[in-house]
Structure formats: C-alpha cells, structure tokens
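Below is one structure, written out as structure tokens; comments come after it.
The first residue of the sequence shown is numbered 1, and numbering continues consecutively from there. First listed ligand is number 1; within each ligand, the first listed atom is number 1.
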Amino acid sequence: MIQKNHAGKIIAIISVLSLAYAVLRYHILGNVPWKDFPFYILNKGFSLAGFILITFNFSIGPLNNLGVKVSEGWMNSRQALGMTGFLFVLIHALMSFMIFKPEIFARFFEENGSLTLYAGLSMLGGIISFVILWAYNLAFKTNLRDDKVFIEAITSRRFLLLAMLFSLLHLFFMGFRGWLNPSEWGGLPPISLVAFTIFTMGYIINLIGRK
Ligand code: HEM
C-alpha cells in the first residue's frame, strides 16, 4: 500500500518562503546588492529552511498528541523533513565556511582579525549542533545496530533536541544584541530571531505533547 506523504510539497513551500523572507529583508528592505543573492542570501535561505524543517520533524508528532488533527501525509513526512533539514544545514555550513571573513562578517571579528567572544561561542554552538545532527542522521543507517543502547540514545528525540539547543546558542550569541533593538531591524526581524522563535514554539509543543 502506498503511504500518503506530503514531504515534497512541505519542503518546497518552506524553501520558497524562507528564501523569500531573506530576499525581502536583505535585498528589498535592506541594502544587500543583488550580486550577493547566489551565495550570501541563498545561505541564509538554506539555514532558515533547514532549521524550520528540523523543528517540524520533532514537533509534528507531539502536536498530534495534543489533539490537533495532523493528517497522515504530514505524519509520514517527518523523517524526510528531518533528513532534508539536515542536508540544508550541511549546505549552510559549507557555504558559511567559504565566506566566513572579516570583510563579509565584520561584526564577528575584532580589529586584529580574531573572533569576538560572542562569535566564538556562536560558531562553537553551530559546529557542536551540526556534529550531533550528523550523528543522529548517520545512526539510522549504521551497521553498529548490535549496540542497541548506544543507537537508541543517538536516535532518540532527546538527542535531536540536544543538537537543536546548541543551534539555539549558535543563533543567540550571533544575534541577541540586534534582537533587542527593533529600531535597527530595518522593517523585519532578523532571520536568527525568526528561527529562534519558531524553534521555541516547536519546543514548547514538544514538551507538553510528548508521550
Ligand atoms: C559547521 C557548523 C556551522 C557554521 C560554521 C555556521 C555558520 C553560520 C554563520 C557564519 C552564520 C551567519 C550567516 C549570516 O549572517 O549570513 C550562520 C547563521 C545561521 N545558522 Fe549557522 N552555522 C553552522 C551550523 C548551523 C546549524 C547546525 C544550524 C541549525 C540547525 C544553523 C542555523 C543557522 C541559522 C538559522 C542562521 C541565521 C541566519 C541569519 O541570521 O542570517 N547553523 N551560521
């Protein structure tokens, strides 16, 4: 029997919305030149879409438990959303490594070229989060299946949430100073704050709706 699965549509819609938000905030309302679309702005789109897809992955089941009728197509999409989210974050990490320079991200660097304290903490959070997400996604395919306790721990939702807590640190240390000054937002909240808010909602749903 073919199972209903909306993953393709959900991924397409989230990707388009995330990219549209980045274009609106940074090109249309902001002053980032269009030549930066293929890398700098696309990177922001991938990071936001990846983040949202992973948040969907761990909050759809608990939302269903809370009595909100989640359709079969959405329930069956969870694994594909999580894996695609991880692949988007992988693209984000690779792209970020290429452009992580004081000329592009002046706010992350001191005048002598070293990282600021907050940038160091933010990147540490990003890298730890990424490695945990990697372990989580790899463990589904591992041939270490005999080591049940280890595999169960790594594939548990708790482990995924741990990864996401590190990604929150990544976002928090990157952006919190800007979050506190709406007058500097230039019309729309920064992507780091949007992602942080979406995660917080997903996390609360997960906390009260998990079985
Ligand atoms: C190797 C690991 C990582 C590195 C080196 C990295 C690097 C960066 C950098 C340099 C930025 C700033 C981009 C910009 O302002 O244009 C950023 C933003 C962001 N990152 Fe990461 N990241 C990593 C992992 C992650 C992970 C694991 C997630 C989510 C699960 C994530 C989600 C985000 C989000 C949502 C933003 C916000 C974009 C914005 O505010 O413009 N990152 N990251």
Starting from atom 40 (O) of ligand 1, which protein heavy atom do you reach first, and at what distance in Å? Ser192 N, 3.1 Å
Can you tell me if Phe166 contacts ligand 1 (heavy atom of the residue under 4.0 Å from the ligand)? no
Polar atom proximity, Asn43 to ligand 1 (N or O, under 3.5 Å): no
Ile127: numbered ligand 1 atoms lying under 4.0 Å from its heavy atoms: 1 (C), 2 (C)
Within-cut-off N or O pair, His92 and ligand 1, under 3.5 Å: yes
Under 4.0 Å from a heavy atom of Leu171: give me the atoms of ligand 1 that qualify, with their elements. 33 (C), 34 (C), 35 (C), 36 (C), 37 (C)
4.5 Å side-chain heavy-atom contact, Arg107 and Phe105: yes
Suppose we measure from atom 41 (O) of ligand 1 to each protein heavy atom; which comes out shortest, and what is that distance? Lys44 NZ, 2.7 Å
Side-chain contact, heavy-atom cut-off 4.5 Å: Met83 with Asn137? yes
In the protein, what heavy atom is nearest to atom 28 (C) of ligand 1, and what distance, to one decimal place, separates them? Val89 CG1, 3.9 Å
Side chain, backbone, both or neither: which part of Ser47 comes within less than 4.0 Å of ligand 1 when only heavy atoms are counted? both
For Met123, the atoms of ligand 1 under 4.0 Å from one of its heavy atoms are 7 (C), 8 (C), 9 (C), 10 (C)
Starting from atom 29 (C) of ligand 1, find the nearest protein heavy-atom neighbour and note its residue, name and distance. Phe51 CD1, 3.5 Å
Out of Arg107, Met164, His170, Met174, who is nearest to atom 15 (O) of ligand 1 when you count heavy atoms only? Arg107
Report, in ascending order of atom number, the atoms of ligand 1 lying under 4.0 Å from any heavy atom of Ser167. 29 (C), 30 (C)
Between Phe199 and Phe58, does the ring centre distance come in under 6.0 Å? yes
Distance filter under 4.0 Å to Ala93 heavy atoms, resulting ligand 1 atoms: 1 (C), 2 (C)
Using ring centroids (six-membered ring only for Trp), state whether Tyr26 and Phe37 fall under 6.0 Å. no
Taking the six-membered ring where the residue is Trp, are the ring centres of Phe176 and Phe196 under 6.0 Å apart? no
Under 4.0 Å from one or more heavy atoms of Phe100, ligand 1 contributes atoms 10 (C)
Nearest to atom 24 (C) of ligand 1, what protein heavy atom do you find, and at what distance? Gly126 O, 3.5 Å
